[in-house]
Each structure stands twice: as C-alpha cells, then as structure tokens.
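Below: one structure, written as structure tokens.
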Amino acid sequence: LIKRGDIMDLRVNFMDLSLKNPIIVAAGPWTRNASMIKKAIDAGAGAIVTETILTQVRPNVRPRLVAKGQSMQNIRLYSDLALEEWEREIYTIKDYGGTVIASILAHSPSEMAYIAGRVEKFGADAIELGVASPHGEGIEVLSSNTDQIFNITKSVCQSVNIPVMVKLSPHATNIHKIGKAVEKAGASAISAIDTVRSILGVDINTGKPLLPTYGGYSGDAIRPIGLATVATLSQSTAIDICGIGGIGTYEHALEYMMLGATAVQIGTALILQGYDVIPRILDDLATWLNESEYSNLNDLRGKALKSLKSFEEIDVIPKKAHVHNPCPLATCNACVKTCFYDAISKSADQISIHDMACTGCGICLSVCPEKLFELKW
Ligand SMILES: Cc1cc2nc3c(=O)[nH]c(=O)nc-3n(C[C@H](O)[C@H](O)[C@H](O)COP(=O)(O)O)c2cc1C
C-alpha cells in the first residue's frame, strides 16, 4: 500500500537528505511544536522546517496576523519555545518518522554555531539559518550583508556534521553575491524567499495600519518575487535550492522546480487552505508527472532557465496578435478594454485586430478568458 507522499516518482535528493517528495513545510507557526508538525507529517510532507529557534524567546504581540485574499502580513517573531524545549519536540518528531530541518537564528556567528550544535544533538537532520526576516532588527542588520552571512554560514558549517541551508531575503540587493558567499562558506543549500517587508493595508475608518508595525508579506502575491530570486540563485550557484513563496498548487511547485529548485517549502497556504493542501499538491504532482514527458522530477529541474534570457539577448521579432473567432462570450469586452494601442474591436461574436495598430504587446493573450488570441509573425 502506498502511503500519502510516498509516491516513488516524487523522491528527491536534497542537500544529502533523501526525501520521499520535495514538498517541505516552511518555518512558521504551523511548525511551532511537535503536535503541529505531526499534522504536516500525516499530510505527507517530505520534511518540515521548525519555527525559528532562538536562545531568547520573544513575546507574541496581539494581533500579529492579517490576511487579504490568499496573501498575508505577519509580525510574529519566531518560536515561543525555548531552545531547551526543542529537545523534546525534535525527539518526538524524529520518533514519529519525520525529517526535521531546524531553523535557527542568533546575533553572532558563535551564538549561531552554539544553537546549531545543540539542535544537531537533539537529532535534527539539517539546519536552516534564518538571516532574512523583514521585521524586528532582521532586515537592516543581516539580509544584504554578504560578509556577515558568509561568516555566520562558515561558523555553523564548521561546527556541525549535518547539512546547512541558508534562507535568504528577497530584499538582498546583491542576491547572486550572497548566494555565492553562502556556497563558498560550505552551505549545502539555499532557501528563498523569506517574507517581503510590508504594510498590508490601512483601515481608513480608524486611520490606522492593519498591524501596528511593518511585517512580512507572504502567500500568493509574493510568488513572482520568489520565482525571480530562485532563478537568479540557480544561475549563480551550484548548490541545491529550495523555492519558497506563494506555493499553493502543484503548478506553483513545478514553476519553482523548472527555475532550478530541487525542493520547495509551503507556509501561508497551510493557514489559508489547511493541511489538505499537501496531499492535494502531492497527488496532482504525481498525476501530472505520470502523464508528462518526464520520468522524474530531476528531468524537469531548471528546464525554464534555458529560455530565461537577459533583456539584451531577446530577439525583436515583429509578431502581432491573431484571434480565433467566434467569441462565445457575448458581453465580454476584456480584450477591447485592455488594448491601449486601440488595435482590437468587437462586433457581436466577431473580434477584429487592426494589423497596423497592433504592436504585439501580448496583453490580450492574458486577459482573454477563452484564450482566443495568439502572437504570430
Ligand atoms: C506567520 C508566519 C510566521 C513565520 N515565521 C517564520 C520563522 O519563524 N522563521 C522563518 O525562517 N520564516 C518564517 N516565516 C516565513 C515562511 O517560512 C516563508 O518563508 C514565507 O511565509 C513565504 O512562504 P509562503 O508564501 O508559502 O508563506 C513565517 C511566515 C509567516 C506567514
């Protein structure tokens, strides 16, 4: 009998860990203790990352989470369990059969190495260094500081025998340099991205921001930022990459893998859609893979990077929009409204393209609900 998440085709080797599938649960309140983590393991996750463990527990402000649609702002600061308490939690998770990546954060390379050594003793299979959080003091101090991230990574890598992954911020202005520094320092993998600095909104009736300080933006809206960061890291480093940000479907996971990720992490979708999101992604991924030209996930990794060019490399081909009439949606006018070149008109079920006016921008292809348009030379 195949257990959920045990589908052979989905196996990946990620930073020396043999995972039954590439779907990892990200650091966050959904991994705040062993009993929450057991739910993720039951749902079939390939591995889990603990909520970030520090030597000093921070108070939980209230409220600290606010959602709009499938995205969220949070001002939660890491684990509310002390380092010592994680000994029992990690033991329980290991005993339950889970693969544990301990997320840790400290102020100095030596303190980071100390916590790393402790969680290794507790039984963690790997470590994720959190150097990227956009609230508290995190972002200004660390996220773009190549030297400091190099020193922290090196110090941790030298003090433990388990694989070390470094989690990067989308705010790092020099992401490829940081990726290279992390690789040089001995890390086995990079994960990206942590949340994006945000204010989700302002309540115009009270005149107050929805949460009282800047926080981390996560969920659906940040996926394009995550994809770009992962693509840049794949192009500039040779170590494994774990894609994070806005993953809620198997297609999202595949997008990250086609841009070079070996595994992916899921966070916000667990809060906004529940743990069922994991078996759904796994089942859909296995079905898609079975019906695809690929025999396993390694075959498709990095596929999209081959057509990812620099702006200068793009050939300017005089393509224009073509439409497949008739349009079955009598009242839809999306293509006409969006064409700011005035190249599209519609009469009853017939759409016309004015060849001279069309500049081939391509927006009609995205807005047409019936996918009636294509760009052709
Ligand atoms: C409420 C909340 C708490 C989080 N706590 C942590 C944390 O303790 N450590 C960490 O490295 N990342 C933390 N994150 C960031 C997530 O691990 C992940 O990088 C981010 O949310 C993007 O992925 P997502 O869009 O799937 O949520 C947190 C995110 C949220 C929403």
Side-chain angles (χ1 to χ4, degrees), residues 23-33 36-37 40 45 47-54 57-58 60-81 83 86 101-106 112 115 119 126-136 138-139 142-143 164-172 189-198 200 211 214-227 229-230 241-249 252-253 255-256 261 263-275 277-278 281:
I23 308 299
I24 299 175
V25 173
W30 44 79
T31 56
R32 69 175 192 274
N33 58 28
M36 292 296 289
I37 290 169
I48 63 89
V49 186
T50 67
E51 194 165 29
T52 299
I53 305 168
L54 314 122
V57 173
R58 313 283 180 93
N60 255 330
V61 293
R62 296 149 201 239
R64 55 190 171 274
L65 307 179
V66 57
K68 258 190 198 173
Q70 290 300 310
S71 302
M72 213 166 91
Q73 182 196 341
N74 88 86
I75 53 170
R76 176 166 165 105
L77 277 182
Y78 316 121
S79 174
D80 43 23
L81 296 184
L83 174 60
W86 276 100
I101 302 168
S103 166
I104 64 168
L105 176 61
M112 203 75 140
I115 307 180
V119 296
I127 286 169
E128 182 179 80
L129 304 183
V131 292
S133 176
H135 34 229
I139 192 160
L142 257 187
S143 69
V164 175
M165 159 161 76
V166 182
K167 183 170 183 177
L168 300 186
S169 162
H171 294 286
I190 301 170
S191 51
I193 52 175
D194 205 314
T195 51
V196 180
R197 184 173 151 94
S198 65
L200 191 72
L211 289 174
Y214 304 91
Y217 197 26
S218 63
D220 204 53
I222 72 164
R223 193 171 53 259
I225 306 169
L227 290 173
T229 309
V230 162
I241 292 166
C242 190
I244 322 175
I247 297 176
T249 68
H252 301 156
E255 289 180 275
Y256 274 102
V264 295
Q265 292 182 23
I266 303 184
T268 299
L270 294 171
I271 290 190
L272 299 180
Q273 298 182 41
Y275 281 83
V277 77
I278 299 173
I281 290 178

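The residues of the chain are indexed from 1 along the displayed sequence. Reckoned from all heavy atoms, side chains included, excluding hydrogens, waters and symmetry mates. Keep in mind that what you see is a predicted model, and the values were worked out from it rather than measured. Numbering of ligands and ligand atoms starts at 1, following listing order.
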- For the atom pair CG (L211) and CE (M72), what is the distance rounded to the nearest 0.5 Å? 10.0 Å
- Item | Test item: S198 side-chain N/O and L200 main-chain N/O as donor-acceptor pair under 3.5 Å | no
- Message: For Y217 versus S71, what's the shortest heavy-atom pair and its separation?
- Response: CE1-CB, 3.7 Å
- Message: Is W30 close enough to touch ligand 1? Criterion: a residue heavy atom under 4.0 Å from a ligand atom.
- Response: yes
- Item | Point-to-point distance, once rounded to the nearest 0.5 Å, from CD1 of I247 to CG of D220 | 11.0 Å
- Are any of the N/O atoms in G246 less than 3.5 Å from those in ligand 1? yes
- Message: Checking contacts here: is it the side chain or the backbone of R223 that comes within 4.0 Å of ligand 1, counting heavy atoms only? Could be both or neither.
- Response: neither
- Note on the structure: Logged contact type for I222 with ligand 1, heavy-atom cut-off 4.0 Å, is side chain
- R76 near ligand 1, heavy-atom distance under 4.0 Å? no
- Message: I'd like to know whether ligand 1 has G245 as a neighbour, heavy-atom separation below 4.0 Å.
- Response: yes
- Message: Using only atom types and a distance under 3.5 Å, with no angle test, would you say the side chain of Y256 pairs donor to acceptor with the backbone of G245?
- Response: yes
- With heavy atoms of A26 as the reference, note each atom of ligand 1 found under 4.0 Å away. 17 (O)
- Item | Spacing of CD1 belonging to I241 relative to CE belonging to M165, to within rounding of 0.5 Å | 12.0 Å
- Item | Closest approach of any protein heavy atom to atom 12 (N) of ligand 1, naming residue and atom | K167 NZ, 3.0 Å
- Query: If you take all heavy atoms of Q265 and A27, which pair is closest and at what distance?
  - Reply: OE1-N, 4.2 Å
- Item | N74 to R76 - nearest heavy-atom pair and separation | OD1-N, 2.9 Å
- Protein heavy atom at shortest distance from atom 21 (O) of ligand 1: S218 CB, 3.3 Å
- Of all the heavy-atom pairs spanning S191 and I244, show the shortest one and how long it is. CB-CD1, 3.8 Å
- Judging by distance only, is a nitrogen or oxygen of S79 under 3.5 angstrom from one on ligand 1? no
- Do you know which two heavy atoms are closest between L54 and Y78, and how far apart they sit? CD1-CB, 3.4 Å
- Counting heavy atoms under 4.0 Å, the part of T268 that contacts ligand 1 is both
- Message: Under a 3.5 Å distance rule, please check whether S143 uses its side chain to pair with a backbone N or O of A172 as donor and acceptor.
- Response: no
- Query: Judging by distance only, is a nitrogen or oxygen of I193 under 3.5 angstrom from one on ligand 1?
  - Reply: yes
- Of all the atoms in ligand 1, which lie at a distance below 4.0 Å from a heavy atom belonging to E51? 8 (O)
- ligand 1 and T52, any nitrogen or oxygen pair closer than 3.5 angstrom? yes
- Query: At the 4.0 Å heavy-atom cut-off, does P29 count as touching ligand 1?
  - Reply: yes
- Query: Tell me, which protein residue and heavy-atom name are nearest atom 23 (O) of ligand 1, and how many Å apart are they?
  - Reply: I244 CG2, 3.4 Å
- Short N/O distance, under 3.5 Å, between G267 and ligand 1? yes
- Query: Between T195 and S218, what is the shortest heavy-atom contact and its length?
  - Reply: CG2-CB, 3.8 Å
- Message: Could you tell me, atom by atom, which parts of ligand 1 come under 4.0 Å of a heavy atom of T195?
- Response: 15 (C), 20 (C), 21 (O)
- Query: Has ligand 1 got any nitrogen or oxygen that is less than 3.5 angstrom from a nitrogen or oxygen of G219?
  - Reply: yes
- Spacing of E255 atom CD and L227 atom CG [to the nearest 0.5 Å]: 5.5 Å
- List every atom of ligand 1 that sits less than 4.0 Å from any heavy atom of L65, numbering the atoms from 1 in the order shown and giving each element. 1 (C)
- Could you tell me whether a side-chain N or O of T50 sits under 3.5 Å from a main-chain N or O of S103, the two making a donor and an acceptor? yes
- Name the closest protein heavy atom to atom 30 (C) of ligand 1, giving the residue it belongs to and the distance to 0.1 Å. N74 ND2, 3.2 Å
- Query: Just going by heavy-atom distances, which of G216, A27, G28 is nearest to atom 16 (C) of ligand 1?
  - Reply: A27
- Item | Y78 neighbourhood, listing ligand 1 atoms whose heavy-atom distance to it stays under 4.0 Å | 8 (O)
